[in-house]
Amino acid sequence: MELESKLELVCRGALEIVTPEELAEKIKKDDKTAYIGFEPSGKIHLGHAITIRKMMDLQEAGFKVKILLADLHAYLNGKGSLEEIKEVSDYNIRCFRALGLSEDTVFVLGSTFQTKEDYTYKVYELALATTLARAKRSMAQITRESKDHKVAEVIYPLMQVVDMMFLETDLALGGMEQRKIHMLARENLPKMGYEAPVCLHTPLLHGTDGSEKMSSSKGNFIAIDDSPEAIKDKIKKSYCPMGRVEGNPIIEIAEHFIFTESDTLLIERPDKFGGNLELTQEQLKDSYEKEKLHPLDLKNAVARELTKIFKVVREYLKDN
RNA sequence: CCCGCCUUAGCUCAAUUGGCAGAGCGUCGGACUGUAGAUCCGAAUGUUGCUGGUUCAAGUCCGGCAGGCGGGACCA
C-alpha cells in the first residue's frame, strides 16, 4: 500500500492525531505497534466498535495491534473483583474478534505484566513526577462516579502511561476521553527514556439518551451483539430531535457504521410521507437539517441497516 | 489509638415528644406529538449500613461492628 493511502486510511474518521508529522514518520517503520486498552466490560457497544474498527484500519496500514484487557485498571476503577473482571475479559476478546480484527491481533491481560518488579518501579518513578491535580484531572471522564475518591484513581493513569512503554507502543488509540492521559504519557515517557507514542483519538458516540458519551454503566448503549429486536427498540427510544444533526446519536450511528460501508442509505417511507429515498451522507444530513427527513423514517432505516451490519458479529459470537 | 458527626428508594435528601417511611430527580406506563425529548397525567421502588438490646411500638433511644468525613493523640 502506498504511504499516502496508508496515512489517509489511518486518519480517516479520527478527531485528532498528535502529531500528524510523527505519524507520517512512524508509518514508514517496518515494525510498528498500535495499542488500545479497554476495561473489561459486561457489554461491548458501538462506542467500543468505533475504536476497534479504527484498529482494523491500522492493521491494514501495517501496524501490529495489541489490545490490552485492562483488568487491573477496571479493578482500580471499582468495577468488581479481579476474578469477575477476568471472566468478562474472555467474553470481550470474543467480541473484539467478532468485530473483524485479524488473526494476528495480540490480546494482553493487564495483570500478566503490570505486577512485575520493573513495571512497578516505573509506576513509582512516574508517581514522583506527576502532581495529584494532574493525575486527577486526567481521569475526569473515566472515573466511576463517586464522591469518595480513592487513591486508585490516580494510580490508574500512571499505569496506563507505563503500559504504553511495556507494550512497546508506537501509536496509542483511544476515544477523546483518553486524551489527557495520553498527553501525560507524551510528556513523561521521554523522561523515562521511551519515545512518546503518537496518539490517535476517535470521536465519542453520544448515548442513545443524547448524553455526552455512550457507556455501559449508563445503559444508554447499543451492544454489538444486541438482537435485532433490541436494536430496533433502543433506536426507537433514542433521543433524536427533529432537524438537529449536532449531537444526534442516530445521525452519528449512520455516519460511523452505515456510511462507512456504503455510499447511500435507503429511507423507506410510506407514500403519504413522500415515498422512498436514497441518500448519501451529505444529502441525509442536509435533508434532516431542513426537516425534509423525519426522525422516525431515519430511525427505521438506521435500525434496519445496523441490524444487517452486526449480523456477522451476532453469528460469530453464537458459534465461537 | 482516642473523640465527634454521618449512613433512609437507583441518586440527592425529608420524617415533630418513639406512633402506618416520604419528596424531588431518575426509572417504567399512558396522553400529546408521524420518533425520541419537552410538557401533562399515572405507577412502581425500601432488610432505614449490619448486629444485639429497651419498648405495646424503634429510622428515631442504648450497646457492639463496618464504612465515610472531621479533629486529636502518638512520633523515644
Side-chain angles (χ1 to χ4, degrees), chain A residues 39 41-43 45-47 74-82 84 88 132-133 135-136 139-156 203-223 226-259 264-279 281 283-310:
Chain A
E39 288 185 25
S41 165
K43 279 292 174 189
H45 55 64
L46 299 184
Y75 179 71
L76 290 171
N77 203 4
K79 299 289 172 69
S81 74
L82 267 178
E84 292 164 344
V88 178
L132 246 191
K136 282 164 92 170
M139 288 293 287
Q141 291 175 68
I142 295 165
T143 318
R144 225 178 137 72
E145 291 196 25
S146 159
K147 75 180 178 54
D148 296 322
H149 296 284
K150 301 293 179 1
V151 174
E153 182 179 329
V154 295
I155 296 174
Y156 184 120
L204 296 180
L205 215 47
H206 283 81
T208 53
D209 56 357
S211 72
E212 206 50 46
K213 184 187 168 202
M214 185 174 283
S215 73
S216 14
S217 52
K218 285 167 84 179
N220 60 6
F221 61 87
I222 293 172
D226 270 343
S227 67
E229 297 73 32
I231 291 173
K232 195 171 178 183
D233 200 50
K234 286 181 179 180
I235 286 187
K236 190 167 185 316
K237 282 186 179 148
S238 291
Y239 175 77
C240 188
M242 167 97 81
R244 190 176 167 79
V245 166
E246 202 72 17
N248 184 320
I250 306 304
I251 299 271
E252 285 179 355
I253 290 169
E255 272 188 284
H256 291 289
F257 295 96
I258 296 173
F259 289 115
T264 59
L265 172 62
L266 174 68
I267 306 284
E268 295 173 302
R269 57 183 187 187
D271 288 337
K272 66 167 172 170
F273 295 129
N276 292 1
L277 274 177
E278 186 148 2
L279 303 172
Q281 179 166 346
Q283 291 168 336
L284 180 131
K285 282 180 160 178
D286 189 59
S287 330
Y288 194 79
E289 222 152 32
K290 290 177 175 152
E291 302 190 6
K292 289 196 286 192
L293 174 59
H294 190 277
L296 184 56
D297 297 323
L298 172 69
K299 282 182 170 183
N300 287 335
V302 168
R304 185 196 69 228
E305 289 307 310
L306 202 59
T307 298
K308 269 193 225 165
I309 289 165
F310 282 97

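Chain naming here is simple, since letters A, B, ... match the order of the sequence lines and numbering starts at 1 in each. Keep in mind that what you see is a predicted model, and the values were worked out from it rather than measured. Scope of the values below: all heavy atoms of this structure, side chains included, with no hydrogens, waters or symmetry mates.
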Would you tabulate the nitrogen or oxygen pairs shorter than 3.5 Å linking the protein to nucleotides 26-32 of chain B?
none

Close N or O pairs between protein and nucleotides 38-45 of chain B (under 3.5 Å):
none

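Shown here are the side-chain hydrogen bond (donor to acceptor under 3.5 Å, both in side chains) partners of A:Glu289, two or more places apart in sequence or in another chain: there are none. With sequence neighbours left out, A:Lys290 forms a side-chain hydrogen bond (donor to acceptor under 3.5 Å, both in side chains) with A:Asp286. For A:Glu278, the side-chain hydrogen bond (donor to acceptor under 3.5 Å, both in side chains) partners at least two apart in sequence or on another chain are A:Thr264. For A:Leu204, the side chain to side chain contact (heavy atoms under 4.5 Å, CB included) partners at least two apart in sequence or on another chain are A:Gln141, A:Met176, A:Glu177, A:Lys213. Take A:Ser216 and apply the side-chain hydrogen bond (donor to acceptor under 3.5 Å, both in side chains) test, not counting sequence neighbours, and it matches A:Ser41. Under the side chain to side chain contact (heavy atoms under 4.5 Å, CB included) criterion, A:Gln281 pairs with A:Glu255, A:Phe259, A:Lys285, not counting sequence neighbours.
Taking atom P in both B:U39 and B:G18, one finds a spacing of 42 Å when rounded to whole Å. The separation of B:U27 from B:G63, taken at their P atoms, amounts to 43 Å, rounded to a whole angstrom. With P as the reference atom, B:G72 and B:C11 are 33 Å apart, rounded to whole Å.
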Fill in the blank from the handout: Encoded 5' to 3' (Watson-Crick or G-U under 3.5 Å; [ ] crossing; | other strand), RNA chain B becomes (((((((..((((.....[..)))).(((((.......))))).....(((((..]....))))))))))))....

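When each of A:Leu293, A:Ile250, A:Asp297, A:Leu279 is tested with A:Tyr288 by the rule side-chain contact (heavy atoms from CB on, under 4.5 Å), just one qualifies, namely A:Leu293.
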List the atom pairs, with distances to 0.1 Å, where a side-chain N or O of residues 303-310 of chain A and a protein N or O form a donor-acceptor pair under 3.5 Å, not counting sequence neighbours.
from, atom 1, to, atom 2, distance (Å)
A:Arg304, NH1, A:Leu266, O, 3.2
A:Arg304, NH1, A:Glu268, OE1, 2.9
A:Arg304, NH2, A:Leu266, O, 2.8
A:Glu305, OE2, A:Lys308, NZ, 3.1
A:Thr307, OG1, A:Ala303, O, 2.8

For residues 229-243 of chain A, which side-chain donor-acceptor pairs fall under 3.5 Å, sequence neighbours excluded?
from, atom 1, to, atom 2, distance (Å)
A:Glu229, OE1, A:Ser227, OG, 3.3
A:Lys234, NZ, A:Phe221, O, 3.2
A:Lys234, NZ, A:Asp226, OD2, 2.7
A:Ser238, OG, A:Lys234, O, 2.7

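Within residues 295-308 of chain A, the residues approaching RNA chain B are A:Pro295, A:Leu296, A:Asp297, A:Lys299, by heavy-atom distance under 4.0 Å.
Remark: ring of A:Phe273 stacked against base of B:G34; centroid gap under 5.5 Å, plane tilt under 30°.
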